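These numbers come from a predicted model, not from an experiment.
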Amino acid sequence: MKMAGWEGPYSFVSRFEEGDGTNPEELLAAAHAGCFSMAFSNELAKAGHTPNSVNTTAHVHLNMTDDGPSINEIRLVTVADVPGIDEDTFQKTAEAAKNACPVSQLFKKSAEISVDATLQAG
C-alpha cells in the first residue's frame with residue numbers, strides 16, 4: 001500500500017502481528033510527538049525559557065474493547081534541555097503544552113494522555 005508522505009511496508013501484518021513496516025498507530029505517534037515538541041518549545045519560549053532541545057516519543061496504545069480495537073491511551077515521553085528553568089515551572093509548562101497541542105486536543109475525548117517530562121541537566 002502507498003500513502004502520501006510514507007512509502008514502505010504498511011499492512012495488516014505490520015499492525016496486528018510481527019511484520020515489517022509501520023501502522024496507523026506509529027504514524028499517529030510520530031505526528032503527536034512532533035506536535036507536542038513544537039507546542040512545548042513554544043510554551044517554554046513564551047515563558048522566557050528558550051530550549052536548546054526538546055525530544056519527544058509518543059507511545060500510542062491500541063487496545064481491544066468490546067467494540068473492537070481502540071486507541072485509549074497515549075504516553076508522551078519528552079526530554080528537554082532548557083537553561084535556567086526550575087523543575088516546577090518545567091513540569092507545569094509540559095502540562096500546558098499537552099493541552100495546547102492540536103493533536104492532543106484531537107485525541108483527548110477518546111484517550112488518556114499523559115506526559116513524562118525530564119529536564120536534562122545542562
side-chain contact (heavy atoms from CB on, under 4.5 Å), that's the test. Do Leu76 and Asp116 meet it? Break it down for me. CA-CA 6 Å; Leu76 298 168; Asp116 177 3; over 6 Å; no

Could you walk me through whether Phe40 and Thr56 pass the side-chain contact (heavy atoms from CB on, under 4.5 Å) test, one step at a time? CA-CA 10 Å; Phe40 194 21; Thr56 305; 5.6 Å; no

side-chain contact (heavy atoms from CB on, under 4.5 Å) between Thr78 and Val54: does it pass, once the steps are laid out? CA-CA 7 Å; Thr78 191; Val54 173; 3.6 Å; yes

Dump the intermediate steps for side-chain contact (heavy atoms from CB on, under 4.5 Å) on Leu44 and Thr50, then the final yes or no. CA-CA 6 Å; Leu44 287 162; Thr50 302; over 6 Å; no

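Neither Val77 nor Val103 shares a network with the other; the hydrophobic side chains, linked directly or stepwise wherever heavy atoms of I, L, V, M, F, W or Y lie under 4.5 Å apart, form separate groups for each. Placement of Met38 and Val82 in two distinct hydrophobic clusters is found when ILVMFWY residues are connected by side-chain heavy-atom separations under 4.5 Å, directly or transitively. Hydrophobic clustering of Ile, Leu, Val, Met, Phe, Trp and Tyr side chains at less than 4.5 Å, counting indirect connections, unites Phe36 with Ile71.
Looking at Thr93, its side chain does come within 3.5 Å of a backbone N or O of Thr89 through a donor-acceptor pair. No donor-acceptor pair under 3.5 Å is formed between the side chain of Glu73 and the backbone N or O of Val60. Within the 3.5 Å criterion, the main-chain N or O of Ala117 finds a donor-acceptor partner in the side chain of Gln91.
Side-chain contact between Leu62 and Pro69 is present, with at least one heavy-atom pair separated by less than 4.5 Å.
When all heavy atoms are compared, the tightest approach of Pro83 to His49 is O-ND1, 4.0 Å. The two residues Leu119 and Phe90 have their closest heavy-atom pair at N-CE2, 3.4 Å. The minimum heavy-atom distance linking Glu43 with Ala96 is given by the pair OE1-CB, 4.2 Å.
Atoms CD and CG, from Gln120 and Asn55 in turn, are 7.5 Å apart once rounded to the nearest 0.5 Å. For the atom pair Cys101 SG and Leu106 CG, the distance stands at 9.5 Å (nearest 0.5 Å). Of the inter-residue distances, the one linking Lys46 atom NZ with Ser41 atom OG reads 12.0 Å to the nearest 0.5 angstrom. To the nearest 0.5 Å, atom CG of residue Asn99 and atom CD of residue Gln105 are 8.0 Å apart. In this structure, the separation between NE2 on His61 and OG on Ser70 is 12.5 Å, given to the nearest 0.5 Å.
Between the side chains of Ser104 and His32, at least one donor N or O lies within less than 3.5 Å of an accepting N or O.
Under 4.0 Å is where a charged nitrogen must lie from a carboxylate oxygen, and between Lys98 and Glu95 at least one such pair does.
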